[in-house]
Structures are given as structure tokens and as C-alpha cells.
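Keep in mind that this is a model prediction, so the values were computed, not measured.
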Amino acid sequence: MASEALVIDKDALKRKYAEERDKRLRDDASEQYIRLESEFSDLATDPYLPVQQRDPVTDHVTFAFVGGGFAGLCVGARLKQAGYDSVRLIDKGGDFGGTWYWNRYPGAQCDTASMIYMPLLEETGHMPSEKYAHAPEIREHCARIGKQFGLYEHALFHTQVTGLEWDEDAKLWVIETDRGDRFTAKYVGMGTGPLHVAKLPGLEGIERFKGKSFHTSRWDYAYTGGTPEGAPMDRLADKRVAIIGTGATAVQCVPETAKYAKELTVFQRTPSSVDVRANEPIDEDWFAGVAEEGWQKKWQENFTAHFGMGMPAEDLVNDGWTDLAKRIRKNMTKVPMDQWTPEKMMAAFEDADFEKMEEIRQRAAALVDDPETGEALKAWYRQLCKRPCFHDEYLQAFNRPGVKLVHTDGQGVERITEKGVVANGKEYEVDCIIYASGFEVWTDFESRTGFDPVGRGGKKLSDHWGEAMRTLHGLQMHGFPNLFLVQATQGAAFIANYPHNLVDHADTIAAIVSHMESEGLSTAEPSAEAEQKWLDFLLTGRGNALSNTECTPGYYNNEGKGLRERDKYNLGHPGGALAFFSHIDAWRKSGKFEGLEFA
Ligand code: NDP
């Protein structure tokens with residue numbers, strides 16, 4: 001599979017990519033999906049922990065945070081480190097973890113290296129056991145952060161925020177929940193996750209299926225047997241199982257399910273690109289050697305730097321992500337300096353991508369015994385059109401007896417019957433249907449979170465955003481004092497290692513809160529001018545990834561519909577992620593907090 005051996009007919013490849021994309025375009029785009037919560041309430045319940053009865057809470061906290069995932073944990077930890085004890089995290093799940101609370105499907109593991117993905121490793125002294133840690137270890141790490149920083153004390157679990165309103169007289173936020181709570185907080189953070197609302201394909205007959213069905217984020221071990229820790233799913237031994245979807249989740253849970261099910265049929269609309277994972281245990285001696293003070297930040301910045309303008313001398317993480325970045329860079333540097341035009345650079349990028357994807361396709365053909373199945377597992381699009389996947393057992397799972405791929409050639413499953421799944425005009429009878437169909441991404445913030453914050457003068461966040469999201473640094477909004485949004489868009493927008501965005505915002509929040517508390521200030525919010533200036537600055541940069549309609553449809557490009565007016569500011573710092581992290585670091589350290597108005 002040496003890259004030199006590859007001969008690529010670029011024009012033919014581009015035609016093939018376009019043909020494959022066209023098969024998948026649908027008029028209903030994102031509307032093809034339905035919500036797990038609304039349509040199938042029995043499928044949305046928490047299979048992991050029972051809901052505890054408790055009295056409504058009516059007190060006051062300094063900082064309330066919506067979401068008990070990485071965002072809330074990082075912010076909570078930084079606030080505690082800064083000396084603020086009255087911090088409350090609120091989460092729909094029964095414990096901390098966010099996405100890692102819900103996603104306990106077999107085989108779940110981080111797809112970015114643990115050393116940079118798992119937050120606060122240095123602060124907690126935890127050494128990840130593997131280069132890519134499995135979900136139970138990550139969930140345990142969330143609990144570790146919660147315990148170490150005393151975040152359990154005020155936390156509210158199995159609780160959904162239903163209302164958030166600014167009280168101008170009291171200069172406080174009033175928070176209401178579905179458990180009857182009504183309490184106040186001086187500051188509020190929102191880290192509700194970009195992908196936390198599970199979705200199902202809106203298939204005809206989906207409610208009529210008489211067997212068992214669940215979404216991967218509600219894996220029912222009572223039905224399958226086994227545990228998230230890897231105990232055998234022995235109850236599947238006499239079951240015919242269908243998995244619908246072949247995205248990053250399916251790539252991880254198919255190999256495990258294939259080991260135990262009597263029959264497993266995987267229904268594919270678009271194959272994922274599945275490159276080498278090369279997971280390995282982390283050696284204690286090696287870890288002791290690298291874990292000097294400041295190591296995790298150094299590692300995170302080194303990883304992030306591979307996706308920026310410069311060329312880092314060393315590659316600490318050294319994996320499929322950085323390999324991709326290095327190949328692109330290498331190709332670009334082949335262009336003579338006097339010919340550096342945006343077009344030439346994009347062509348060099350494209351060449352690196354063609355080569356990489358050809359290798360990945362050859363990998364599928366080489367690892368899958370049945371040539372037809374191997375061919376069907378080849379991904380015909382550029383690698384960053386969809387979440388790149390890495391796995392060393394997924395493709396091989398299709399060599400097991402009893403495991404079958406139903407490739408629908410872009411058309412997807414047609415419908416569900418009482419007995420099973422219909423695809424390519426044929427009914428497949430099964431006992432269990434597992435939906436690996438993903439999560440809502442670019443739907444309205446208020447519809448995903450279940451509340452619409454009401455800021456100064458009764459203005460709703462949805463009205464403030466109107467046509468498009470508006471923030472300073474992706475973190476604060478004009479008219480919404482002391483409210484922080486902890487996510488990536490309009491900041492670093494760094495999706496290859498999402499937690500890097502979160503831990504950095506946590507640093508900023510802690511700096512702002514510390515400044516306000518030491519100066520005796522009541523409110524902070526960006527001025528309207530500062531917010532607009534930041535948005536104008538974002539527009540000066542690279543193109544909006546959502547506009548890439550040449551890509552196969554998916555949540556990266558609004559299911560092929562491309563950029564809508566409301567997405568126009570779904571951007572990151574024009575200089576790239578590292579440029580944002582440098583900018584915000586200087587902004588924090590200056591102590592001036594330029595663009596914020598304090599009172
Ligand atoms: P995705 O949205 O990536 O995948 C959903 C899958 O369902 C796609 O393969 C989609 O096909 C398929 N699908 C939808 N409707 C139909 C239909 N009617 N018939 C057949 N197939 C259908 O969801 P995932 O849960 O896999 O991943 C979501 C994101 O979560 C990832 O992109 C990644 O960011 C994150 N993730 C991270 C992990 C980690 O860090 N370890 C692991 C897993 C996920 P099509 O492609 O054609 O739309």
C-alpha cells in the first residue's frame with residue numbers, strides 16, 4: 001500500500017465522487033430524521049440509572065452550569081481551582097459524563113488520542129490506560145473530576161433545565177427545571193454539547209416493529225447481555241440483529257456485536273472511511289517520562305498546531321489525524337514558493353486527500369474476504385467530508401460467519417415492518433434493530449437544549465441570534481450578562497480534538513469570574529460593537545465548511561443542502577484553531593477583557 005504505487009486518475013475520481021454524492025441527495029435533507037425523545041419516549045428513557053426522587057431546589061449558587069459533560073466539568077474544575085465553591089452542574093443524565101454517560105455501546109472509545117482528548121489529566125494525575133481509551137474509563141474519569149473538584153455536592157442529575165431568565169433588578173439568572181426546581185445564580189454556563197439529541201431515521205413503520213429496538217446511545221444490556229466493560233453479550237447468541245447506520249458509532253459497535261449475535265445484518269447507506277487505529281496500552285514508565293509540568297497543554301497545542309499554518313517540528317500524538325495533516329502539508333510544500341496561489345494550495349490538498357482515500361479504499365478491499373462486500377465498503381468522497389474513522393476490527397467483522405452487509409447504494413433503509421427491515425426491496429426479518437443513526441447537529445439551539453434563555457429586557461436568545469448565531473469568541477452574547485456558551489463555534493472551531501475548545505473556554509470563564517469577584521463587579525457582557533466586530537473578523541477567514549456541497553451529504557454540510565443564512569457565522573478564527581487559542585490567551589492575560597462591558 002505504498003503511496004508511490006498509487007496511480008490516480010483524478011478526473012475519473014472526481015466524477016465518481018460526484019455520482020456517489022448525487023445518489024444520496026434528498027429533498028428532505030435534515031427533515032428525514034425524527035427525534036428519539038418525541039416519537040419514541042420509551043426508547044429515550046435512561047437504561048443505566050434509576051431516577052431518584054428528590055425535593056425541588058430553591059436556593060442560590062454563584063455559578064450554575066447546564067450540562068455535566070466535559071464542558072461543565074472543565075468549567076467547574078477551573079472555578080473550584082480559582083476558589084469558587086458554589087458551583088452547580090445540572091444534567092439530564094444520572095451522573096457526570098454527558099456524551100460519555102449516554103454512549104455506553106460496546107466498543108465505544110475516544111477517537112482522538114486519550115492524552116489530548118481526556119481533559120484535566122494533569123490535574124487529576126490520571127494516566128490513560130490506552131492510546132484511545134474505552135468509554136468506561138472516560139466515564140470514570142468524569143466521575144474522578146467531579147469528585148476531586150467537589151462538583152457532586154451541588155449537582156442536579158436527571159434534571160432538565162426548562163427555563164433560564166435574567167432578573168435585571170436582582171442581577172441574577174433564574175433557573176427552572178423539569179423537577180420543579182427554581183433557583184438563582186449570578187453566572188450561568190451552557191455546555192449542552194453539539195451532538196446530544198439522538199435522532200432516528202424517519203422510516204415508515206418504525207413504530208410497528210414487534211421486536212426489540214434501541215438507539216446506540218441507550219444500549220440495552222438487559223436485552224443483549226454483557227456490560228459496557230466488555231462482558232460477553234451472551235443474550236444475543238440466539239438473536240438476529242440489525243444495525244442501521246455505518247457512521248463513527250457503528251464502526252465501533254459492529255465488531256463487538258458481530259462477536260455475539262447469531263446473525264448481524266448491517267444496513268449501509270454511505271460507507272465510512274476506516275483507516276488504521278493502532279491502539280496500544282500506555283506504558284507507565286513512558287508516561288512518567290512525558291508527564292512533566294504543563295505536559296497536557298503542550299500535547300494539545302502540538303496536536304492542534306498540525307492543523308494550523310505552521311509546521312511543528314515534532315508530532316507527539318502521531319496518529320491518523322496528524323498523518324493526514326502532515327501529508328497535506330508535505331504536498332503543499334512541493335509547490336514552488338513563487339507559485340503559491342490559493343488554487344495551487346487547494347490542489348495540493350486535494351492530491352493528498354485523493355491519495356489517502358485511495359489507500360483507505362484499498363485497505364477495505366484487502367481486509368474483507370468477500371470482494372463484493374469489500375467493494376461496497378469503499379468510501380467515495382474526500383476524507384473530511386465525514387468524520388474520519390479509525391478501526392482495526394470493523395472491516396474484518398464482515399468476514400465472520402453470520403455477519404452481512406446490506407449496501408443500499410446511497411438509498412438507505414426503505415421502511416420497517418412488524419418483523420424487520422426492508423432495504424433494496426427485500427425484507428430482512430430480525431429480532432432486534434439497533435439504530436446507529438446519530439444525533440441532531442445544526443438544528444435550533446433552543447429546540448435542542450429545551451429552553452430559550454431570556455436576557456436583558458426580555459430578549460430571547462433565539463431573537464438575538466435571529467438569522468444567525470452571534471457571540472464574542474463563541475462564548476458571550478450582548479444582552480445576556482454573565483452567560484457563557486461553552487462550545488467550539490466562533491472560537492477555535494477545532495473539531496479534531498473538541499475538548500481542547502472546552503478547557504480553553506473554562507480558562508477564560510475562570511479569568512472573567514475571578515476578575516469580577518475581585519473587583520466587586522455585578523455583570524459582564526460584550527458590547528454590541530465588540531460582538532459585531534468579532535463576527536466581521538470571522539468572515540475574513542477560510543470558507544465555511546458547511547458550504548461544501550461537493551461532499552457526500554451528512555451533518556457536515558447540512559445533508560448536502562450547504563450553507564443556510566443562519567449558518568453564515570458557523571466559523572472559527574480565520575488564522576485557525578491555534579491562532580484563536582493564542583488570541584484568547586493574550587486577551588485573558590492582558591486583564592483588560594477588551595470588548596466586555598462590566599458593571
Ligand atoms: P452519524 O450521523 O455519523 O451516522 C449515522 C449513520 O446512520 C450514517 O451512516 C447514516 O448514513 C445512517 N443512516 C441514517 N439514515 C439511514 C437510513 N435510512 N438507512 C441507512 N442508514 C441510515 O452518527 P454516529 O453516531 O455514527 O456519529 C455521530 C458523531 O459522533 C460522529 O461524527 C463523531 O463526531 C461522534 N462520535 C465520536 C466517537 C468518538 O469519539 N469515539 C464515536 C462515535 C461517534 P449516511 O452516512 O448516508 O447519512
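With sequence neighbours excluded, no residue forms a ring pair (Phe, Tyr, Trp, His ring centres under 6.0 Å) with Y105. D28 pairs by the salt bridge (Lys or Arg N to Asp or Glu O under 4.0 Å) definition with R26, not counting sequence neighbours. Take Y381 and apply the ring pair (Phe, Tyr, Trp, His ring centres under 6.0 Å) test, not counting sequence neighbours, and it matches no residue. Under the ring pair (Phe, Tyr, Trp, His ring centres under 6.0 Å) criterion, H500 pairs with F581, not counting sequence neighbours. Under the ring pair (Phe, Tyr, Trp, His ring centres under 6.0 Å) criterion, W465 pairs with F445, sequence neighbours left out.
Using a 4.5 Å heavy-atom cutoff, the side chains of K23 and T408 are not in contact. When side chains are defined from C-beta on, Q490 counts as touching L535, because their heavy atoms get closer than 4.5 Å. Annotation: side chain of V254 is not in contact with side chain of H391 (no heavy-atom distance under 4.5 Å). Counting heavy atoms from C-beta outward, I90 and F183 have side chains that approach closer than 4.5 Å. Side-chain contact check for L49 versus Y101: some heavy-atom pair is nearer than 4.5 Å. Taking the side chain as every heavy atom from C-beta outward, Y152 and D95 approach each other to under 4.5 Å. A 4.5 Å side-chain heavy-atom check between Q160 and F451 finds every atom pair outside the cut-off.
By the 30° and 60° cut-offs, the orientation of the rings of H583 relative to W534 is parallel. Taking the six-membered ring where tryptophan is involved, the planes of F390 and W321 are tilted, since the angle between them lies from 30° to 60°. Ring geometry, Y221 versus W219: the interplanar angle falls from 30° to 60°, so the pair is classed tilted. Ring planes of F598 and F593: perpendicular class, angle over 60° (limits at 30 and 60°).
Counting only residues at least two apart or in different chains, salt bridge (charged side-chain N to carboxylate O under 4.0 Å, His left out) contacts with residues 182-197 comprise E176-R182, K186-E517.
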inquiry  = Apply side chain to side chain donor-acceptor pair (under 3.5 Å) to residues T270 and R24 and explain how you reach the verdict.
reply    = CA-CA 8 Å; T270 309; R24 290 167 173 79; 2.7 Å; yes

task = Tell me, with the steps shown, if E446 and L461 meet side chain to side chain contact (heavy atoms under 4.5 Å, CB included).
result = CA-CA 8 Å; E446 66 277 9; L461 186 62; over 6 Å; no

inquiry  = Using side chain to side chain contact (heavy atoms under 4.5 Å, CB included), reason through V486 and F65 one step at a time and then give a plain yes or no.
reply    = CA-CA 10 Å; V486 182; F65 198 95; 3.7 Å; yes

ask   = Could you go step by step and tell me if K171 and W166 meet the side chain to side chain contact (heavy atoms under 4.5 Å, CB included) rule?
value = CA-CA 7 Å; K171 303 272 185 284; W166 176 249; 4.1 Å; yes

inquiry  = Apply side chain to side chain contact (heavy atoms under 4.5 Å, CB included) to residues Q476 and T508 and explain how you reach the verdict.
reply    = CA-CA 11 Å; Q476 289 170 279; T508 308; 5.7 Å; no

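Heavy-atom minimum distance, T246 versus V266: CG2-CG1, 3.6 Å. Here the closest heavy-atom approach between residue D46 and residue G94 is recorded as OD2-N, 3.9 Å. Across every non-hydrogen atom of N103 and A108, the tightest pair is O-CB, 4.0 Å. For the residue pair I206 and P201, the shortest heavy atom distance occurs at CD1-O, 3.4 Å. Closest heavy-atom contact between P481 and E525: CG-OE2, 3.8 Å. Looking at every heavy atom in both residues, P56 comes nearest to G180 through CB-O, 3.3 Å.
In terms of modelled atom types and a separation under 3.5 Å, the side chain of H154 and the main chain of V87 share no donor-acceptor contact. Remark: side-chain polar atoms of Y117 are not paired, donor with acceptor, to backbone N or O of D111 under 3.5 angstrom. Without hydrogens or angle criteria, S437 side chain to K199 main chain gives a donor-acceptor distance under 3.5 Å. Using modelled atom types, no side-chain atom of K561 and backbone atom of T549 make a donor-acceptor pair closer than 3.5 Å. Side-chain N or O atoms of Q109 include one that pairs as donor or acceptor with a backbone N or O of Y132 at under 3.5 Å. With hydrogens and angles ignored, the 3.5 Å screen pairs no side-chain donor or acceptor of D444 with any backbone N or O of S447. Remark: side-chain polar atoms of D91 are paired, donor with acceptor, to backbone N or O of G93 under 3.5 angstrom. Under a 3.5 Å cut-off, the side chain of S272 and the backbone N or O of V274 do not form any donor-acceptor pair. Without hydrogens or angle criteria, H141 side chain to P119 main chain gives a donor-acceptor distance under 3.5 Å. R88 contributes no side-chain N or O that, together with a main-chain N or O of L156, makes up a donor-acceptor pair within less than 3.5 Å.
Just one of F149, W102, F157 meets the ring pair (Phe, Tyr, Trp, His ring centres under 6.0 Å) condition when paired with F96; it is F157. With V161 as the fixed residue, the side-chain contact (heavy atoms from CB on, under 4.5 Å) test singles out one of V66, T449, D178, V188: V66.
Taking OG1 from T552 and CD from E559, the interatomic distance works out to 9.0 Å, rounded to the nearest 0.5 Å. Note that OH of Y555 and NZ of K386 are 9.0 Å apart. Values are rounded to the nearest 0.5 Å. The structure places CG of D220 at 8.5 Å from OG1 of T45, a figure rounded to the nearest 0.5 Å. Rounding to the nearest 0.5 Å gives a distance of 9.0 Å between CD1 of I145 and CG of L151. A distance of 5.5 Å separates CD1 in I512 from CG in L475, rounded to the nearest 0.5 Å.
E168 and R456 are joined by a salt bridge, as a carboxylate oxygen and a charged side-chain nitrogen come within less than 4.0 angstrom of each other. One finds a salt bridge joining D567 and R564 here, because a Lys/Arg side-chain nitrogen approaches an Asp/Glu carboxylate oxygen to under 4.0 Å.
F439 and H215 have their aromatic ring centers within a separation under 6.0 angstrom. A ring-centre distance under 6.0 Å is found for H473 and W587. F307 and F494 have their aromatic ring centers within a separation under 6.0 angstrom.
Remark: R566 is not positioned above the aromatic ring of Y569, lacking an NZ or CZ atom under 6.0 angstrom from the ring centre and at most 45 degrees off the axis.
Counted by atom type alone, R470 and Q532 present one or more donor-acceptor pairs between their side chains at under 3.5 Å.
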